[in-house]
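Side chains included, hydrogens not; waters and symmetry mates left out as well; all remaining heavy atoms used. In what follows, every chain begins at residue 1, and chains take the letters A, B, ... in the order their sequences are listed.
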2 protein chains.
Amino acid sequence: MSNNQFKKGELYSFITGKASTAIGRRLQKHFKQASIEITIEQWSVLYHLWKEDGLSQQQLCDATFRDKPSITRLVDNLEKLKLVKRNASKEDRRINMIVLTDEGRELEEKCMALANTTLNEALHGVTHGQIEIAKEVLQMVYDNLK
Amino acid sequence: MSNNQFKKGELYSFITGKASTAIGRRLQKHFKQASIEITIEQWSVLYHLWKEDGLSQQQLCDATFRDKPSITRLVDNLEKLKLVKRNASKEDRRINMIVLTDEGRELEEKCMALANTTLNEALHGVTHGQIEIAKEVLQMVYDNLK
DNA sequence: GACATATAGTTGTTTATGCAACTAAACAAA
DNA sequence: TTTGTTTAGTTGCATAAACAACTATATGTC
């Protein structure tokens, strides 16, 4: 029962996610133009800390769909950039609470504005209804595979 | 004029492409289960060679949305695996024609079947109409940013 | 309390990405 | 033919991903 509606080239771009790759690159470009020297991967971690500061590395794994070594190294690099700090938890000494520095907090406004700009560029000419359906489909895809 | 229809968390997953990440990981898993020892990135190059053998590295860059160094190294690794070969072009000595080996050609059927299986898993419960709109939106996003 | 197991995080290895700087061949203009 | 420019591909570097193997702490069970 292999009767999905994808022709060959479409199958390719759906699997490889060329649209989201393009969005990521555009966002990265905007960061660079604004002299914000972080990667989109680092942004994706900061994003969750801006929503809720003081997450553990494990919580960041779950939030960003990465494994533990990936988060270890992203946090390493964010620490080098002095944007976050590892605070050992007092209740459970296994846990590092990742907290934003002042410098990390200061990036939020600019970065989120650039993310919104990027999305508006990406969705130029796409109707509200189309966006709603696309979001729904991508969520279903994610749920089907998780 | 920042009035797109994305709430915070949705913005995140649209930009980071968690759906396509999940599809890629699932396909990789299927390859592994079938003892096909290639990465999805390598698959993405083979995919275009299966459609048309003997592409130049530059053509592979355009087809896979990668820069030249990325293709140089993917071809390096595919050559190590003996799935492709670099043939210097006789008309233009700058160009490497990348051609499939017998072994590389043999992978096509299995890999494409696994790609289709993966997509069917991903799209379980999604209607034809929804898929069409999602494809359209992703194509528009890509066109807007390229 | 002691032992097994689960959880949180780190380190090592291979593969891949993007950017900058580079070499070599082709082409175009004088 | 010489000089400058474009095109194709490679190399070096920093960042990141996935997997396996590891350490340290916490927890559950006898």
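The interatomic distance linking A/Phe65 (CZ) with D/dA17 (C1') rounds to 15 Å, in whole Å. Distance A/Ile40 CD1 to C/dG18 C1': 10 Å, rounded to the nearest Å.
A/Met97 shares a hydrophobic cluster with A/Ile95; the chain of contacts runs through ILVMFWY side chains whose heavy atoms sit under 4.5 Å apart.
Among the protein residues, B/Gln28 comes within range of no part of the nucleic acid, since none of its heavy atoms lies under 4.0 Å from any strand. As judged by a 4.0 angstrom heavy-atom cut-off over every strand, A/Leu74 is placed among residues touching the sugar-phosphate backbone only. Contacts of B/Asp67 with the nucleic acid, taken as non-hydrogen atoms under 4.0 Å apart, include base atoms. Across all strands shown, B/Thr72 has heavy atoms under 4.0 Å from base atoms, whether or not it also approaches the sugar-phosphate. Among the atoms of the strands shown, only primed sugar atoms or phosphate atoms (P, OP1, OP2) are found under 4.0 Å from some heavy atom of B/Arg93.
Computed from C1' positions of five pairs at each end, the angle between the two local axes of the helix from C/dG1-D/dC30 to C/dA30-D/dT1 equals 10°, rounded to 10 degrees.
The 12-atom threshold is exceeded at CD of B/Gln33, counting heavy atoms of other residues, nucleotides or ligands nearer than 6.0 Å.
Between B/Arg73 and C/dT17, a side-chain N or O to OP1/OP2 separation shorter than 4.0 Å is absent.
The 5' end of DNA chain D is approached more closely, in terms of each residue's nearest nucleotide, by A/Lys80 than by the other of A/Arg94 and A/Lys80.
A cation-pi geometry, defined here as NZ or CZ lying under 6.0 Å from the six-membered ring centre and within 45° of its normal, holds between A/Lys18 and B/Tyr142.
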